[in-house]
Chemist: 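Here it is, the structure in full.
Only a predicted model underlies this, so the values are computations on that prediction, with no experimental measurement involved. Note on naming: letters A, B, ... go to the chains in the order of the sequence lines (proteins, then strands), and numbering restarts at 1 for each one. Reckoned from all heavy atoms, side chains included, excluding hydrogens, waters and symmetry mates.
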Protein chains: 2
Amino acid sequence: MGHRQKVTIKDVAREAGCGIATASRVLNKSGSASAEVRERVETAARELGFSFSAIGRALQGGRSMTIGCLVPSLANPVFAEAVQGVQDVLSGAGYQLLIASSNYDGDADNEAIATLAAKDVDGLIVTMVAPERSAALMLARRRGLPVSLMFHDPIDGFLSAHVDNFAAARDVAQRFAALGHTNTAFLALRFSSSDRSRNRYAGFRAECRARGLPDPVLIELTEAEANTPETLAGILASLGGLTAIFASNDFLAIAVQKATRLMGKSVPKDLSVVGFDGIEIGRLLDVPLATIETAPDAMGRQATHTLLDLLQGKA
Amino acid sequence: MGHRQKVTIKDVAREAGCGIATASRVLNKSGSASAEVRERVETAARELGFSFSAIGRALQGGRSMTIGCLVPSLANPVFAEAVQGVQDVLSGAGYQLLIASSNYDGDADNEAIATLAAKDVDGLIVTMVAPERSAALMLARRRGLPVSLMFHDPIDGFLSAHVDNFAAARDVAQRFAALGHTNTAFLALRFSSSDRSRNRYAGFRAECRARGLPDPVLIELTEAEANTPETLAGILASLGGLTAIFASNDFLAIAVQKATRLMGKSVPKDLSVVGFDGIEIGRLLDVPLATIETAPDAMGRQATHTLLDLLQGKA
DNA sequence: AGTTTGAGTGGAAACGTTTCCAGAAGGGAT
DNA sequence: ATCCCTTCTGGAAACGTTTCCACTCAAACT
């Protein structure tokens with residue numbers, strides 16, 4: 001197979017017998033050019049199969065037309081759907097999407113931000129472990145790089161597309177209370193590395209207290225525990241007497257449903273389970289998933305629009 | 001907020017009082033430099049918060065350290081998980097991931113490939129509607145751009161990470177036959193735009209025929225039909241007498257489970273349902289999902305390793 | 001006729017790197 | 001004292017663009 005060869009605008013110009021500047025003008029429909037030259041250049045470009053090098057353009061123009069996006073993991077449908085939303089908006093605006101994921105690791109987060117910034121992205125859309133404490137993120141902003149947060153409650157001077165985790169969680173507590181539940185629990189997967197999770201718990205507990213109900217039990221699961229329903233069932237059983245569970249996300253809520261069934265109980269008859277996120281698949285489930293609908297793809301879309309607006313406003 | 005300003009190696013050199021070439025050598029640990037200069041350069045870089053511009057590097061070096069990846073949609077967990085696999089391997093190797101998605105649209109596919117190629121990616125990892133008929137893909141390959149296919153059965157001279165859809169589908173038919181099913185159906189969502197779906201049906205039917213069983217009914221659903229369980233239930237009911245359904249993917253299989261329940265029947269007692277893919281969430285479902293496990297993330301990983309090998313081999 | 005306009009054109013600089021090359025300086029051998 | 005070999009250094013070219021500038025030429029004015 002022939003070795004990598006690129007067709008540059010220089011080749012087009014030579015083939016068309018004109019200067020580089022002229023070829024550039026024709027192909028970009030910027031400046032003026034005679035019909036005859038225009039024709040020659042276009043033919044040459046077509047025959048050579050020319051296409052612009054985004055790198056050359058980026059270097060010269062200072063804009064890469066690329067947006068960097070960092071999420072914890074694409075294996076979690078919430079983020080995957082959000083990124084799809086981002087991608088939809090971006091491609092409509094002629095931008096490309098550079099993706100990074102951290103696997104919920106704070107150090108990886110920082111490194112990823114730095115790498116994305118080095119790639120000269122024009123903006124950043126970010127969901128990370130601790131945005132408020134990320135040196136890399138602060139540096140990026142200080143450098144004037146527009147940043148849009150996704151899922152995070154607002155921070156400092158950052159733009160943010162989000163749902164009010166605290167309020168939504170209070171809502172759940174309210175519903176539980178209305179149903180007469182007093183013995184409740186909050187299930188979280190990575191409590192320490194997710195401000196979303198912490199805010200949800202805070203809201204949940206605050207509403208319980210406001211109503212004079214006992215604090216919900218906080219259960220932090222390891223990845224392994226969450227992924228083996230038998231273990232999860234054991235944990236739930238050991239707590240005894242629970243009648244309602246608020247899971248920090250839909251993934252977990254689904255696991256709880258299964259664990260409950262393993263215990264010989266049924267949802268929602270014996271145990272109320274509510275999730276968070278509203279991932280697509282939840283709507284198709286056999287036993288419908290009760291959840292807080294956050295429309296992840298809309299979240300991605302909005303974060304992107306916000307960012308794009310900022311980009312326009314600055315240009 | 002201060003306008004966008006970048007620190008270049010030129011700034012570092014000036015600050016350190018040395019030439020650009022020297023600064024470059026120190027920062028890259030390539031050529032030699034006196035301890036004293038080395039110290040000055042490193043200090044300057046640190047103080048200025050310098051980081052290399054990937055664009056400058058790419059332009060000069062001819063390698064962008066970026067891989068382009070095209071999938072139909074990240075909203076489908078199969079692809080999201082696969083992309084996460086790609087991302088894992090890539091970031092381990094120091095590469096970045098540029099993402100595009102087509103929403104199962106063949107034209108968008110071609111355009112995306114062209115755009116990615118223009119971004120000077122070093123390689124392509126692709127799942128698309130019709131790779132064997134994509135002019136853009138052929139052009140990319142002719143230009144010497146390494147391409148690795150995901151999910152597609154092998155084509156021409158392309159590298160491909162895949163499962164044998166045909167064989168796996170025959171397997172399903174065999175199981176159905178062993179259970180005594182004679183009245184079966186194959187459910188597909190985008191039959192015309194998915195070679196995977198077509199190959200699965202072909203394998204399914206081939207095995208039925210080989211056993212002298214009647215052809216499975218082929219049901220093509222629209223997106224809307226698949227997403228409203230009530231409608232789906234109606235369709236299934238209208239077919240009457242079905243005892244086993246092979247769904248083209250897990251998403252669909254889950255929808256069928258729900259539709260079945262709506263009809264007052266139960267899976268697997270009254271109706272056998274088998275899916276395809278093995279997405280993570282399937283393992284956590286209340287009623288476990290019978291499926292062909294294809295380990296999407298492993299697929300992504302393998303496609304990436306293959307591509308990276310090709311990249312090394314050429315360099 | 002002489003002057004102004006305007007369109008059409010190409011050379012060259014700039015963007016941030018890396019690397020080739022050549023020059024300078026120093027030390028060890030003859 | 002001369003030479004050579006290393007080590008260290010910086011200028012400059014190259015990568016693919018866009019854009020500023022200056023130039024030519026003809027048409028349209030006075």
Side-chain angles (χ1 to χ4, degrees), chain A residues 3-42 44-45 48-66 115 117-122 143 315, chain B residues 3-42 44-45 48-66 115 117-122 143 315:
Chain A
H3 33 251
R4 186 89 134 281
Q5 50 170 328
K6 1 199 59 164
V7 180
T8 79
I9 201 171
K10 221 175 276 187
D11 300 319
V12 175
R14 184 167 9 86
E15 182 79 7
C18 70
I20 299 179
T22 305
S24 172
R25 275 187 301 255
V26 171
L27 264 10
N28 284 303
K29 302 190 203 318
S30 43
S32 56
S34 70
E36 194 220 353
V37 170
R38 194 179 304 276
E39 170 64 19
R40 285 212 312 271
V41 170
E42 270 158 4
L48 267 45
F50 169 80
S51 76
F52 283 109
S53 155
I55 292 196
R57 281 187 149 165
L59 185 56
Q60 138 71 26
R63 307 157 39 81
S64 65
M65 295 305 281
T66 300
T115 314
K119 280 274 177 182
D120 299 286
V121 295
D122 292 337
R143 285 256 202 287
Chain B
H3 32 250
R4 185 92 132 279
Q5 50 169 332
K6 3 197 59 164
V7 180
T8 78
I9 201 171
K10 222 176 274 187
D11 300 319
V12 174
R14 183 166 13 83
E15 182 78 8
C18 70
I20 300 179
T22 305
S24 172
R25 274 188 301 254
V26 171
L27 263 13
N28 285 303
K29 303 189 201 319
S30 42
S32 57
S34 69
E36 194 219 353
V37 170
R38 194 180 303 276
E39 170 65 19
R40 285 210 314 270
V41 170
E42 269 158 5
L48 266 44
F50 169 80
S51 75
F52 283 109
S53 154
I55 292 196
R57 281 187 149 166
L59 185 56
Q60 137 70 26
R63 307 156 40 82
S64 64
M65 294 306 281
T66 299
T115 314
K119 281 274 176 180
D120 299 287
V121 294
D122 292 336
R143 285 255 203 287

Chemist: To the nearest Å, give me how far apart CZ (Arg40(A)) and C1' (dG10(C)) are.
Modeler: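 Distance check: Arg40(A) CZ to dG10(C) C1' gives 13 Å.
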Chemist: Bend across the helix from dA1(C)-dT30(D) to dT30(C)-dA1(D), to 10°, with axes taken over 5 pairs at each end?
Modeler: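 Here the helix ends are tilted 60° relative to one another.
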Chemist: Would you mind building the protein contact string for nucleotides 15-25 of chain D? One character per nucleotide, 5' to 3', B for base within reach (heavy atoms under 4.0 Å), S for sugar-phosphate only, - for untouched.
Modeler: BBBBBB-----
Chemist: Side chain to side chain donor-acceptor pair (under 3.5 Å) with Gln60(A): which residues, sequence neighbours excluded?
Modeler: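 Here no residue qualifies.
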Chemist: Once side-chain contact (heavy atoms from CB on, under 4.5 Å) is applied, do any residues pair with Glu42(A), and if so which ones, sequence neighbours excluded?
Modeler: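 Here the qualifying residues are Val26(A), Lys29(A), Arg38(A), Arg46(A).
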Chemist: Taking all non-hydrogen atoms of both residues into account, name the closest pair between Val7(A) and Phe50(A) and its distance.
Modeler: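 The pair with the smallest heavy-atom distance is O-CD1, 3.3 Å.
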Chemist: To the nearest 0.5 Å, what is the distance between OG on Ser51(B) and NZ on Lys119(A)?
Modeler: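 So the OG of Ser51(B) and the NZ of Lys119(A) are separated by 12.0 Å.
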Chemist: Pairs of donor and acceptor atoms involving the side chains of residues 9-23 of chain A, under 3.5 Å and at least two apart or interchain, shall be tabulated with distances.
Modeler:
residue	atom	partner	partner atom	Å
Asp11(A)	OD1	Arg14(A)	NH2	2.7
Asp11(A)	OD2	Thr8(A)	N	2.8
Thr22(A)	OG1	Arg25(A)	NH2	3.3

Chemist: Restricting to side-chain contact (heavy atoms from CB on, under 4.5 Å), what partner residues turn up for Leu59(B), sequence neighbours left out?
Modeler: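 Ile55(A), Leu59(A).
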Chemist: Side chain to side chain donor-acceptor pair (under 3.5 Å) with Thr115(B): which residues, sequence neighbours excluded?
Modeler: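 If we apply the side chain to side chain donor-acceptor pair (under 3.5 Å) test to Thr115(B), skipping adjacent residues, there are no hits.
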Chemist: Got a second to check how far Ser53(A)'s OG is from Asp120(B)'s CG, nearest 0.5 Å?
Modeler: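 It comes to 4.0 Å.
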Chemist: Base, sugar-phosphate, or nothing for Ser32(A), non-hydrogen atoms under 4.0 angstrom?
Modeler: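 The residue Ser32(A) makes base contact.
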